[in-house]
Amino acid sequence: MAELSKTYDPKAVEDRIYAWWEESGAFKPESQLYLDPDAGRFVITIPPPNVTGTLHMGHGLTSAIEDLMTRYHRMKGARTLWVPGTDHAGIATQAIVEKNLAKQGKRRQDMSRSDFLEEVWDWKEHSHKIITNQQKKLGISVDWSREAFTMDDKLSFAVRTAFKQLYDKGLIYRDTRMVNWDPVQLTGVSDLEVETEDEGEPGSLWFVRYPIQTNRWAGPRNDWGSGQWADGATEWITVATTRPETILGDTAVMVNPDDERYTHRVACRAILPAIGREVPIISDSAVDMSFGTGAVKVTPAHDFTDYDVGKRHHLNFVEVMDATARMNENAGPYAGLDRFACRKQLVADLEKEGLLVKVEPYMVKLGRGQRSGAVIEPRISLQWFCNMQGMAQAAGDAVREGRIKIVPERFEKVWFNWLDNIRDWCISRQLWWGHQIPVWYVKPSQQAGQPDGLNHLPTQYCALTEADAYREAIKDWGEGVALEQDPDVLDTWFSSGLWPFSTLGWPNDTADMRAYYPNTMLETGYDIIFFWVARMVMLGIELTGEAPFSTVYLHGLIRTADGKKMSKSRPDKAVDPLEMTDVYGADALRFYLVTAGAPGNDIKIDVKVVDGKKQVERIEGARNFANKLWNAARFVLSKLAAGEEQDRGRHPSLADQWIAARLSETIRDVRRLMDDYQYGEAGRLIYDFIWNDFCDWYLEFSKLSLNAGVLVQTLDAALRLLHPFMPYITEEIWQKLKEAAGGERRVPSFEFPALMLAPYPKAAEAQIPNLPSPIAAMASVQDAIRAIRNVRSEYNVPQDRRIPAQISAGNRRDTFEAMRDAIAMLARVDASALTIAESVPAPDQAVTLALGEATVYLPLAGLVDLAAEKKRLGDELAGIEAQISKSEALLASDFGKRAPAAVIEKEKAKLTDLQAKREQIQARLATM
RNA sequence: GGGGGCGUAGCUCAGUUGGUUAGAGCGUUGCGUUGACAUCGCAAAGGUCACAGGUUCGAGUCCUGUCGCUCCCACCA
């Protein structure tokens, strides 16, 4: 048998084990060797990382939790599939590639679409390689043979099919509307992709007065910029704005109908500064009288509210900016200026013309593009939309009716709130990277050739392929028709929304669709509940008729120590998952991540930099745990190799029965917690069992009397329990254990080739019947040992000094007798001076430990004086008596009548124990 | 404007159908190292569970309010 190194070295284990798992096909559901029909299926599809670069700690958390779930269910005997894959991440990836090209002095606009896409595909390959490599390091047990990418041929076909089905139902339509426009990325984006700072950003509120047209003053007689533009005007209306440049596009001024200050102004006309356009003053209840001056400028082409106002009041829509947010020809003297340059110039000119009343500092709620950071400009454009009303209703019902369970439950409220207020989804993007919209238009030249066509024939064809589109178009337009495909691509979340079924082969009726759809679990961060989870549910129900999964588990976000999002701008506070696996090992990182917090709660990672290396205390703690387990295994293996076991397979000792009972208890609780998604709590229980029960106590007992059978069984079960949390180290140890344990020390799980394919422990299998509660019996021995240690520490008894002890053990006499050697060793008692009896006479000059079930006397001649001991016992007695009074009062109160029997029993047992201690102390005091 | 979350030991956090002595890790203090492990062992100190009410025999846990921090959603210029 190979010797184990003195400390656990993840680097010597992880890659080797992972390669072995992968090569042996252990991640594939077809390879499962242990199946329990009652366990059903477990199917989960990975939240596909964006091919934008590398993974961050959030992906580490996702991987840790999902692999934990997957390994747990696989070991429980559920038919288990975890599908991996990546997302093309349209806008984000295109932005990165454009940025990279810019470094080489290249621009997308100077390239052909296909040349640019070639660059993106190269980047995708590059990023994909890094990502999958990182995922493998983390140990995720996904079925790589089913790996998917959102722009694979099969998935692209699913996207076109979904689009066509929705189009044919009339749920997808094209319309000219106001959308959020990113003037840097030159595309429309959805509402969700616009981010605003809660407090707003520092800006100004400009108060500008517009002259009113009167009998005496019909309009400006002098040029704008002359300083005399408004000469002669006598009446004014003052508006407040945060975006002065939009004045150029104003087509009305609006006041509240109830606002008496302005009643006489309604129906008057104001003259727009700079442009000189006459604009009506209208009244609309949308105006907040208390804000600004109570008069609002209306720019229907550049503001969402004003757009609606413009529609309501049949105003003109004057666009003053182009796609890049430069002022256009409608901006008069400012044409050609950037919007912010225009703002600056216009404000200066307004001041010069005496139209700037005042400027106040103001926190502006600026919408910024999620990816570009550019200030979003509302813009009217022709886009594709998806009607969400019906789908949102269905998605809400799925949760309301319990077909989908959201964990933690509190997110249901957010879910309903968003779905109930849903707006149509702008799904087209003016990008090149993504799924091109499967709609073909008849070329305008053709339409011109057939004058009737425009009125009677369709000019757009939604089809799965260009050939299909032609087939349809030819029917209407004849053989010579020429089509061109819509140049836009779909929002990246459209394809992500199909992910749980597009990965399984939908729309085809594949074996995987039949076997693994719907999924059972969807696990992701709560930050993409709307972007992704809601869209999957809506599209899933609409397209497949079923909710795509039955449980949604949402984890928290990874944050820096000060609670901020980890960002690349603060590299000292951010931490990379691979950096941590490199320092502490994948198991340590994973154990930390799943035990760090509670479901749905954020995790703050406190990074310390020591000698240029990043350290995280809590991951270090998990690493230490791995090492502890490693050394425990080393001990077990050395004992097996030495063949010095006693009691083999025969009478299990009290210690053996105790560890088996504790194991059984732990298994029961762990399974309950795991099934209730409380992975952190489950992990802590396993940690406690391994470190405290197994290492601190049972291995110590084993040094006196070894039962190799029980030792192997216990370690085997502990490894299986821990495997979903720390897959590598447990597999490595388990393989060694299996190799070392022959013959009758073998346990059933050794029939399986890999720990990851072995069954998860069941409580029953660890139970050794017969004795009543070995846990309670052992507890009294542990109490005694701890109490003796305590006294030794208190009286500074040197570690190497063996002391005598007399134990009056009452009906625990057999228990103490059975543990005699252990007591001697662990409490460092002189074995030849250890008396255990039902009752022993109290010796003089001894410290007395009243433990309830037993009394321990430590004759520490010379170390304790009578008076001090009397005082110590007196104090203890006082404390106990206080507790007894409290307990008695409690039992005498309504508690005794109303509390459940079990609770009362517990209280009574406590009281009995206290009374026993009191008696012991009183008896002792009486003899002193 | 609406809706969440958090506030528990010096620090980071657990504590899920309310059960009466509130836990862990790290840190601190004392003792300890020739045999599984110093990435360790033994022991100790340390908390009016943010605050104020309420429900209950019983509240860290449920309800109401207040304060502080934080996040999400929302078209007040």
Side-chain angles (χ1 to χ4, degrees), chain A residues 4 6-8 178 191 196 198 205 239-243 246 254 286-288 290-293 295-299 303-308 362 364-365 367 378 408-411 413-414 417-418 421 526-527 529-530 556-557 559 561 563-564 584 588 595-606 617-618 620-639 673 676-678 680-681 684 687-688 695-696 699-700 703 786 789-794 796-800 826 828 883 886-887 890 893-900 902-904 906-907 910:
Chain A
L4 264 54
K6 200 170 176 184
T7 55
Y8 173 59
M178 180 159 284
D191 299 339
T196 51
D198 279 346
L205 190 58
V239 298
T241 181
T242 56
R243 297 192 299 156
T246 64
M254 170 169 74
V287 179
D288 177 354
S290 64
F291 186 88
T293 62
V296 188
K297 58 189 277 316
V298 183
T299 321
D303 182 276
F304 282 97
T305 311
D306 295 359
Y307 179 80
D308 292 339
Y362 189 71
V364 191
K365 295 199 178 175
E409 211 171 331
R410 64 171 182 270
F411 288 107
K413 210 164 187 172
V414 187
N417 184 52
W418 189 73
N421 297 298
Y526 66 73
D527 54 331
I529 184 168
F530 306 135
L557 273 34
R559 297 184 179 279
K564 299 277 191 298
Y584 301 112
T595 56
N601 285 6
D602 292 349
I603 296 172
K604 289 193 278 185
I605 299 187
D606 190 5
E617 248 172 25
R618 291 197 53 172
E620 192 179 319
R623 188 273 314 269
N624 294 351
F625 173 51
N627 198 57
K628 183 76 182 176
L629 174 64
W630 183 256
N631 274 288
R634 221 156 63 90
F635 173 79
V636 172
L637 291 171
S638 73
K639 291 296 178 188
L673 290 165
D676 199 28
Y677 315 102
Q678 298 181 59
E681 281 295 294
R684 282 183 280 273
Y687 178 102
D688 287 345
C695 293
D696 289 350
L699 290 189
E700 293 305 319
K703 288 174 184 173
R786 269 191 282 257
R789 284 168 169 172
N790 188 339
V791 167
R792 293 182 60 112
S793 174
E794 207 175 311
N796 290 316
V797 179
Q799 189 75 7
D800 56 358
L826 298 176
R828 305 195 70 79
Q883 284 184 61
K886 201 178 154 192
S887 181
L890 184 63
S893 73
D894 283 353
F895 171 87
K897 292 171 223 155
R898 306 210 191 179
V903 177
I904 294 175
K906 207 174 149 193
E907 185 62 28
K910 191 182 102 187

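Every heavy atom of this structure was used, including side-chain atoms; hydrogens, water molecules and symmetry mates were not. Small disclaimer: the values here were computed from a predicted structure and weren't measured. Labels below follow one simple rule: chain letters A, B, ... track the order of the sequence lines, proteins then strands, and each chain is numbered from 1.
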Scan [X] against the nucleic acid and name what it touches under 4.0 Å (heavy atoms): base, sugar-phosphate only, or nothing.
X        : value
A/Gly621 : nothing
A/Tyr362 : sugar-phosphate
A/Arg792 : nothing
A/Asn601 : sugar-phosphate
A/Val296 : base
A/Asp288 : base
A/Pro378 : nothing
A/Lys6   : sugar-phosphate
A/Val636 : nothing
A/Lys897 : nothing
A/Glu794 : nothing
A/Ala902 : nothing

Sticking with atom C1', work out how far B/rC62 lies from B/rU16, rounded to a whole angstrom.
13 Å

In whole Å, what separates the P atom of B/rC73 from that of B/rC51?
33 Å

Ignoring hydrogens and angles, answer whether the base of B/rA36 and the side-chain atoms of A/Lys639 contain a donor-acceptor pair closer than 3.5 Å.
no

For the side chain of [X], counting heavy atoms from C-beta on, which of [options] is nearest?
X        : options                : value
A/Phe291 : B/rC72, B/rG4, B/rA77  : B/rA77
A/Asn796 : B/rA36, B/rG30, B/rG3  : B/rG30
A/Glu681 : B/rG32, B/rC37, B/rA14 : B/rA14
A/Glu617 : B/rC26, B/rC73, B/rG19 : B/rC26
A/Arg684 : B/rA36, B/rA14, B/rU12 : B/rA14

Measure up the A/Trp630 and A/Tyr8 rings against each other and bin them: parallel (under 30°), tilted (30 to 60°), perpendicular (over 60°).
tilted

What is the distance, to the nearest angstrom, from the OH atom on A/Tyr8 to the P atom on B/rA38?
18 Å

Tell me the interatomic distance from A/Arg410, atom CZ, to B/rG3, atom C1', rounded to whole angstroms.
13 Å

May I ask you to verify if any side-chain N or O of A/Asn624 is less than 4.0 angstrom from the OP1 or OP2 atom of B/rC40?
yes

For the backbone of A/Asn417 and the side chain of A/Asn421, can you confirm whether one donor and one acceptor N or O come within less than 3.5 Å of each other?
yes

